K.L.:
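Take this structure, written in structure tokens, and hold onto it; I'll ask about it next.
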Amino acid sequence: MRHFKCLYLAVFVLFVAVAIAGCSKQEKTGLEKVKETGEISFAMSGGYPPFNFFNKTNELVGFDVDVAKEVARRLGVKLKPVTTEWSGIIEGLRSGIYSGILGSMAATDKRKEVVDFSIPYYYSGAQMFVRADAPFETVQDLKGHAVGLVTGTTFEQDAKNLGITDIRLYKDDTSTLTELSNGVIEGVITDRVVGVNAMNSGKFNVKPLGSPLRREDIAVAFRKEDKTLTAAVNDILKQMHEDGTLSELSKKWLKVDITKK
């Protein structure tokens, strides 16, 4: 009987040890995981110039990319950028495929239900664009016409609010603006800075129509369980606002400062 008691005690001790080890592993925070692996992975679409896109040498560049690099540097880890379809980017985050989303995502109330956001690192707004020779005078004139936007963005609600019923969905803004320039669609709703940058590039025959539809706070998204990582990045973004780093990067890529309210 004593042997059985000893066996039961040994099994019990082993069970407790395994349970404690499991709990310790589960309790590791997002910041601890990043520090342990020595890298932080930020997701973005890769088709959103000038914020994140592939240049002529197939290198991922842009404002978001530079911000991500600086955040990683100040955390003392390497950056691992991840490009993925925008429509499933939040689910990829929640599944733990990457550490966060730093890809010009608007911090909306609906998104806040499933992920946490950092403080804004820049401010923007939704804007309607049409071809440079289009006859439209107001955004209301687009009713009954085809309007393109990127799948999974907040711009779809803007289109619905305008009463637009023919909404065409695309994987990125390079596609929407190309289709607009080629006459496949009559309008595009996108970030105002993205559209103006495209217009100034000379590659797209487009122009803004009317005033911005609304303002957006653009922030970094994290899993709700990764509070410490969110807090650490918040501290870094505050520093980057205060020391002018974000302003400098904005002017580098956009020729204007979009980091101020």
Side-chain angles (χ1 to χ4, degrees), residues 11-46 48 51-52 59-123 152 216-246 248-250 259:
V11 171
F12 175 74
V13 171
L14 179 62
F15 174 79
V16 171
V18 171
I20 291 174
C23 289
S24 297
K25 187 175 182 180
Q26 291 175 358
E27 289 172 0
K28 280 195 173 181
T29 64
L31 181 59
E32 288 174 332
K33 292 175 185 176
V34 166
K35 292 291 188 178
E36 185 179 81
T37 59
E39 67 177 24
I40 187 167
S41 53
F42 282 127
M44 54 195 74
S45 70
Y48 198 56
F51 295 96
N52 57 86
E59 177 188 9
L60 184 64
V61 297
F63 176 67
D64 288 332
V65 180
D66 279 359
V67 172
K69 286 179 179 177
E70 184 61 17
V71 169
R73 189 188 71 79
R74 297 191 187 201
L75 277 174
V77 297
K78 294 180 180 179
L79 171 65
K80 180 184 177 182
V82 178
T83 56
T84 185
E85 292 286 341
W86 192 257
S87 58
I89 200 167
I90 287 182
E91 288 311 307
L93 173 62
R94 297 179 70 191
S95 299
I97 297 175
Y98 25 83
S99 312
I101 300 170
L102 203 166
S104 292
M105 176 170 278
T108 65
D109 290 338
K110 185 175 181 180
R111 287 170 175 161
K112 288 177 183 178
E113 294 175 3
V114 293
V115 296
D116 284 342
F117 282 97
S118 70
I119 62 170
Y121 64 99
Y122 79 86
Y123 304 89
E216 289 185 324
D217 292 348
I218 310 301
V220 189
F222 296 97
R223 297 192 305 165
K224 285 190 170 292
E225 55 264 45
D226 291 340
K227 303 291 185 185
T228 53
L229 182 58
T230 307
V233 172
N234 265 342
D235 289 340
I236 289 172
L237 291 177
K238 288 176 184 176
Q239 295 169 10
M240 291 173 67
H241 272 295
E242 292 169 358
D243 64 22
T245 302
L246 287 172
E248 289 177 8
L249 293 177
S250 175
T259 66

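Residue numbers count from 1 along this sequence. Values in this document were obtained by computation on a predicted structure and should not be read as measured data.
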K.L.:
Going from CG on Asp217 to OH on Tyr123, what distance comes out if it is rounded to the nearest 0.5 angstrom?
P.N.:
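The distance works out to 5.5 Å.
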
K.L.:
How long is the span from the CG atom in Asp66 to the OG1 atom in Thr245, to the nearest 0.5 Å?
P.N.:
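Output value for this atom pair is 11.0 Å.
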
K.L.:
With heavy-atom distances below 4.5 Å as the criterion, would you say the side chains of Met240 and Val71 are in contact?
P.N.:
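Met240 reaches Val71 side chain to side chain.
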
K.L.:
Testing the basics here: between Lys112 and Lys224, what is the closest heavy-atom pair and its distance to 0.1 Å?
P.N.:
O-NZ, 3.0 Å

K.L.:
Below 4.5 Å, heavy atoms only, C-beta onward: do Leu229 and Ile40 meet side chain to side chain?
P.N.:
yes

K.L.:
Identify the two heavy atoms, one from Ser99 and one from Phe222, that lie closest to each other, and give their separation to 0.1 Å.
P.N.:
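Minimum heavy-atom separation between Ser99 and Phe222: O-CD2, 3.5 Å.
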
K.L.:
Sort out for me which residue in Arg111, Arg223, Arg94, Lys227 forms a salt bridge (Lys or Arg N to Asp or Glu O under 4.0 Å) with Asp116.
P.N.:
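Only one option passes, and that is Lys227.
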
K.L.:
So does Val77 get a backbone contact from the side chain of Lys35, meaning a donor-acceptor N/O pair under 3.5 Å?
P.N.:
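It does not hold such a pair.
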
K.L.:
Nearest 0.5 angstrom please: Tyr122 OH to Glu216 CD, how far?
P.N.:
8.0 Å

K.L.:
Mind telling me whether Phe51 and Phe63 have parallel, tilted or perpendicular rings, with 30° and 60° as the class edges?
P.N.:
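Judged by the thresholds at 30° and 60°, the geometry between Phe63 and Phe51 is perpendicular.
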
K.L.:
Take a 6.0 Å sphere around NZ of Lys78 and say whether it holds more than 12 heavy atoms from other residues, nucleotides or ligands.
P.N.:
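Incorrect, the count does not exceed 12.
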
K.L.:
If we only count heavy atoms from C-beta on, is the Tyr121 to Ser104 side-chain gap below 4.5 Å?
P.N.:
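In contact.
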
K.L.:
Out of curiosity, Lys69 NZ to Leu60 CG, how far, rounded to the nearest 0.5 Å?
P.N.:
8.0 Å

K.L.:
Drop me the distance from Ser118's OG to Ile218's CD1, to the nearest 0.5 angstrom.
P.N.:
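Going from OG on Ser118 over to CD1 on Ile218, the span is 10.5 Å.
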
K.L.:
Could you measure the distance from the CG atom of Leu246 to the CG atom of Leu237? Nearest 0.5 Å is fine.
P.N.:
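Going from CG on Leu246 over to CG on Leu237, the span is 6.5 Å.
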
K.L.:
With sequence neighbours excluded, what pairs up with Thr228 under the side chain to side chain donor-acceptor pair (under 3.5 Å) test?
P.N.:
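For Thr228, the residues satisfying side chain to side chain donor-acceptor pair (under 3.5 Å) (neighbours in sequence not counted) are Thr29.
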
K.L.:
Just to verify, which of Val220, Ile89, Leu93 counts as forming a side-chain contact (heavy atoms from CB on, under 4.5 Å) with Met105?
P.N.:
Ile89

K.L.:
Taking it one step at a time, do Lys110 and Glu113 satisfy salt bridge (charged side-chain N to carboxylate O under 4.0 Å, His left out)?
P.N.:
CA-CA 5 Å; Lys110 185 175 181 180; Glu113 294 175 3; over 6 Å; no

K.L.:
Can you tell me if Thr37 uses its side chain to pair, donor with acceptor, with the backbone of Lys33 under 3.5 Å?
P.N.:
yes

K.L.:
If I compare all heavy atoms of Ala221 with all of Phe117, which pair ends up nearest, and what's the gap?
P.N.:
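In terms of heavy atoms, the two residues are closest at CB-CE2, 3.7 Å.
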
K.L.:
Taking the side chain as C-beta and beyond, is there a heavy-atom pair between Val65 and Phe42 under 4.5 Å?
P.N.:
no

K.L.:
Write down the atom of Gly152, the atom of Trp86, and the distance for their closest heavy-atom approach.
P.N.:
O-NE1, 3.4 Å

